[in-house]
Amino acid sequence: MYFCPLVANTDYSFMEYAHRDIEKKWQEYWKDKEVYKVGNDSTKPKFYVLDMFPYPSGAGLHVGHPLGYIASDILARYKRHCGYNVLHPMGYDAFGLPAEQYALETGQHPAVTTEQNIKRYREQLDNIGFCYDWSREVRTSDPKYYKWTQWIFLQLFHSWYDRSRQKARPISELVAIFEEEGNSNHPCPEDESLQFDARHWKDMKPAQQRNMLMQYRIAYLSHAEVWWCEALGTVLANDEVVNGVSERGGHPVVKKRMNQWFLRITEYADRLLNSLDNLDWTDAMKEMQRNWIGKSTGAEVGFDIDGYAEKIKVFTTRPDTIFGVDFMVLAPEHDLVDIITTGEHKAEVTKYKEYVQSRSERERMAEVKQVTGAFTGAHVIHPFTGKKVPVWISEYVLAGYGTGAIMAVPSGDDRDHAFAKHFNIPITNVFGNKYNGEEAYSDKGGTIENSDFLSGKEVKEAIKLAINSIVEKGIGHAKVNYKLRDAGFSRQRYWGEPFPVVYREGIPYGIDEIGGDINQLPVELPHVDSYKPGPEGQGPLANIEDWVHTGEGNRETNTMPGYAGSSWYFLRYMDPHNDETFADRKATDYWREVDIYIGGTEHAVGHLLYSRMWTKALHDLGHISFDEPFKKLINQGMIQGSSRFVYRINGTNTFVSAGLKKEHKVDVLHVDVKYVDGLELNTEAFKQWRPEYANAEFILEDGKYICGAEIEKMSKSKYNVVNPDDIVAQYGADTFRMYEMFLGPIDVSKPWDTKGIEGVHRFLKKMWRLYNDEQRGWIVTEEAATDAELKVLHKTIKKISEDIEKFSFNTSVSQFMICVNELTAMNCHKHAILEPLAVLIAPFAPHFAEELWQQLGHEGSVVDAAYPEWQEQYVKENSKNYPIAINGKARAEMEFPLDMDITDVEKAVLSNEVVIKWMEGKPLKKFIYVPGRMINVVV
RNA sequence: GCCCUGGUGGUGGAAUUGGUAGACACGCAGGACUUAAAAUCCUGUUUGCAGCAAUGCGAGUGCGGGUUCAAGUCCCGCCUGGGGCACCA
């Protein structure tokens, strides 16, 4: 008789799958032996697998975070088995607003809370058994790291973009050009009409020269309007302002013009656009970047204002419709508005401008059907017809795009049409009968009508003719326009990288220009006692008098934005401890760009675009040898939470089960999912959750309290957060890893449901039992494998390898299950089959595989075991059980050798009695035979 | 309003990319083992009709059309969930 052993003897773990012991053992082993340490000197080919590093928030990791990390970990391990030297690092995007807000509330230094959060993150990550080389960890808030963020900023500050060569060059070379020939070959990006020759340049005062250079620098100082919220003490983003108040707290906000640093990313627009073609990213992702860059070709045309010397410049993609211009629209913020508005319209225009001031761009966008505007009283002269065209202002024209003014063609543009109808402006039809008077004709097809020399011409041809004519008249030129705007690079905050910049008499200098030494970097973030903003909307650093005032000038008190550190972190991992340079050239030449980058789509246009630009700039300036950061990009979907609700009867402490809630007036309350099993509430645990529930009473149905359920975003406030630690503690890291992969395709969003995890856990136990018997212990034999067993193995190797390459991890897990089910059915415990299988599963369940690998008699870790290769001879099928369809409907099955001749197949099929029955004596029309697939008989 | 995505059993999903729809799991139901439980194993599980049953016939991948010998997959038009947006002229 078998008795359950009372003590776990040393052999215990060899009998039963003891995930806790196994995982602890191997995590310690990996750490002690530095199994995941990666060198930069290797004769192996390199492979760089990168996760988007996390912002260490106070909430810790939830089960959604590791989804991408597990996928990349599988890939990294797989590539290592395949003989690559794999770089797979992790770090923290540690500067950011939440830490600062927390500091404002609690007075705790962001460095302290960030450190705590990182510690927590690290514990959680370690739990899951990732193969990160932690010796390469980076933190963007570490002075040793941001020293180089500041250094790169200085490189951008000390360079300009040469449009003729399409690359960044040192500003000193621009100075040499100016001294030689002025700027005739290098128009000023800020103002293309600005011209000077060499003598003019030499005549300028040093301050004037520096001002001029500022208009060329890639990192430059300019002005911008920002939403300033006094109460929150920060500048707010557009979408943080709703109805003219701050979204958080509802405090008043004002627009404030401030000195801001910018990155001249617009100069890179074309290159950022064109090199997308060579990237292995999803089409959706590329499309998002294309739309963001928003290249459009057309013309810039100046319209003379009746009675003024100024012109209204517009950009249009449809210069061919110029005869259909019925009015002009300026953005309400346009500089000319105040100049040209006539006396009688002043009041209305001012009132309208005030209305627009209070509206965020979000609102201006969301309410499309609402047409608003005001007439300025001014007119422009149509350059071809000489007619007077009224000038309006409206919020649907944005100051930031194009010239901030449009020529409105109501017969050809929906919004112009709505505007004309609303304000009763007569509409000129330039599309003949294609325009029906009710809806604008905005297609780019057909001919232009009623348009003098353009009448009867196709759109394409008409555009060309129109531009020619516009150029001839000297009123404009062909122009390429981009939606992309230069990137604001200043934040009025504390918890970010200080700028390595000091001002002398209002002129900014890189600190390397005045001290002359790069060793002055980093400019360290000083400790502050208060996180309150400085005077006049400046950042908190402005409050530290003795930090701001140096012997060499006054420091810049803004800090850099969140994306500064993340724009280049992938380079630092290559050589993270270098104090001489951001990364040794030998290291960057070896590792080059990231081979696989995994992360969410939320960074589609921010981080990913800035990284691309920084990489291109560093490449232009000769610091690295490649100009794209991320060769292949995989987007992981969001894991949503499944919230649970309880129903409290109004004014009582009695909770009614979901099925009975209609009989009462109830409050719907989120309940923490950890007190709910499926839909059934653990009422005792619930009572202990919070003091106010201690005396809760319940109205049950069938003896149970049933909760309501809903799928929502996983968040602390919804009590639907599932902590990976809990899952790992119960089922083990290997089960957790495989279950996350089994949930579905990596790129699809899906709700978390812990229920299904049992299946994966059972699978691992079942696989374990191929090697170990509960009572007999190790049961692997040295018997030779049969063909059937080899077929199962090689089929699995083939499927898993292919699936990993295409990131189809959910089907990989399925295949493992199929394989183990089949081997179990065959009662196969053979070394020849089970050893390769252990290697195969190592990327997915690394602790599990290590233990098996050791049991199989190997010294050391499984991570460097060669990945098994599948062989055609074992996988090959030589016959196929064909479905036979009659008129496309499957009616019978017949088995044929794969190489059977079609005429023989046809003969055999047509003599099958089921086939004969279904042909109902009708003549054969067509016989379709797809070898290896199916057969269709058409009658 | 525009852009991008998705819609397959009770649930998560699979489908060799145009070739037997529902793999693999979860859940559920029934059974075996056990004094009992846990663990494990076996059977069934899209749906309607017929049958004790093996099975047979019909329907079926959001809805309506179309292309094709053949459609979850391609085309057209709708409905709908999710995500994004800077009214981009």
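All heavy atoms count here, side chains included; hydrogens, waters and symmetry mates do not. Here the structure is a predicted model, which is why all the values come from computation and not from measurement. Each chain gets a letter, A, B and so on, in the order the sequences are listed, and its residues count up from 1.
The side chain to side chain contact (heavy atoms under 4.5 Å, CB included) check on A:Ala299 picks up A:Val301, A:Pro319, A:Ile467, with sequence neighbours excluded. Qualifying side chain to side chain contact (heavy atoms under 4.5 Å, CB included) partners for A:Tyr874, counting only residues two or more places apart in sequence or in other chains: A:Leu790, A:His794, A:Gln871. Under the salt bridge (Lys or Arg N to Asp or Glu O under 4.0 Å) criterion, A:Glu893 pairs with no residue, sequence neighbours left out. Scanning for ring-ring contact (aromatic ring centres under 6.0 Å, His included) contacts around A:Phe323 gives A:His382, A:Phe384, A:Phe453, with sequence neighbours left out. Partners of A:Arg20 according to the side chain to side chain contact (heavy atoms under 4.5 Å, CB included) rule, which considers only residues two or more places apart in sequence or in another chain, do not exist here.
Straight-line distance between the C1' atoms of B:rG83 and B:rU47: roughly 34 Å, to the nearest whole Å.
For the salt bridge (charged side-chain N to carboxylate O under 4.0 Å, His left out) condition, no pair includes a residue of residues 928-939 of chain A, sequence neighbours left out. For the salt bridge (charged side-chain N to carboxylate O under 4.0 Å, His left out) condition, the pairs that include at least one residue of residues 285-296 of chain A, sequence neighbours left out, are A:Asp270-A:Lys295, A:Asp277-A:Arg290, A:Glu287-A:Arg290.
At a cut-off of 3.5 Å, with distance as the only test, a side-chain donor of A:Asp486 or A:Thr266 sits close to an acceptor on the other residue.
Of the side-chain N and O atoms in A:Ser296, one or more sit less than 4.0 angstrom from OP1 or OP2 of B:rA89. For B:rC4, neither phosphate oxygen OP1 nor OP2 lies less than 4.0 angstrom from any side-chain nitrogen or oxygen of A:Arg290.
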Pull out every protein N or O sitting under 3.5 Å from an N or O of nucleotides 26-30 of chain B, one pair per line with the distance.
from   : atom 1 : to       : atom 2 : distance (Å)
B:rC26 : OP1    : A:Arg762 : NH1    : 2.4

Shorter than 3.5 Å, N or O on both sides, protein versus nucleotides 53-61 of chain B: list them out with atom names.
from   : atom 1 : to       : atom 2 : distance (Å)
B:rG58 : OP2    : A:Arg891 : NH1    : 2.8

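Here the closest non-hydrogen pair linking A:Pro410 and A:Asp326 is CG-OD2, 3.1 Å.
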Inset, instruction - Treat primed atoms plus P, OP1 and OP2 as sugar-phosphate and everything else as base, then score nucleotides 13-20 of chain B 5' to 3': B for base contact with protein heavy atoms under 4.0 Å, S for sugar-phosphate contact only, - for none. - result: SS-BS-BB
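Among the atoms of the strands shown, only primed sugar atoms or phosphate atoms (P, OP1, OP2) are found under 4.0 Å from some heavy atom of A:Lys766. Residue A:Ile406 is classed as a base contact, given a heavy-atom separation below 4.0 Å to a base.
Annotation: of the two residues near RNA chain B, A:Ala284 and A:Lys483, the 5′-most nearest-nucleotide partner is A:Ala284. Sequence order on RNA chain B of the closest nucleotides to A:Ile293 and A:Ser814 puts A:Ser814 first from the 5' end.
Nearest nucleotide to the side chain of A:Glu395, out of B:rA89, B:rC87, B:rC69: B:rC87.
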In residues 811-819 of chain A, what donor-acceptor pairs under 3.5 Å come from side-chain atoms, sequence neighbours left out?
from     : atom 1 : to       : atom 2 : distance (Å)
A:Thr811 : OG1    : A:Asp803 : OD2    : 2.9
A:Thr811 : OG1    : A:Ser808 : O      : 2.9
A:Thr811 : OG1    : A:Ser808 : OG     : 2.5
A:Ser812 : OG     : A:Ser808 : O      : 3.1
A:Ser814 : OG     : A:Asn810 : O      : 3.4
A:Gln815 : NE2    : A:Thr796 : OG1    : 3.2

Legend entry - Watson-Crick or G-U pairs under 3.5 Å in RNA chain B, rendered as dot-bracket with [ ] for crossing pairs and | for another strand: (((((((..(((......[....)))((((((.......))))))(((((....)))))..(((((..]....))))))))))))....
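By the 4.0 Å N-to-carboxylate-O rule, A:Lys806 lies too far from A:Glu802 to be salt-bridged with it.
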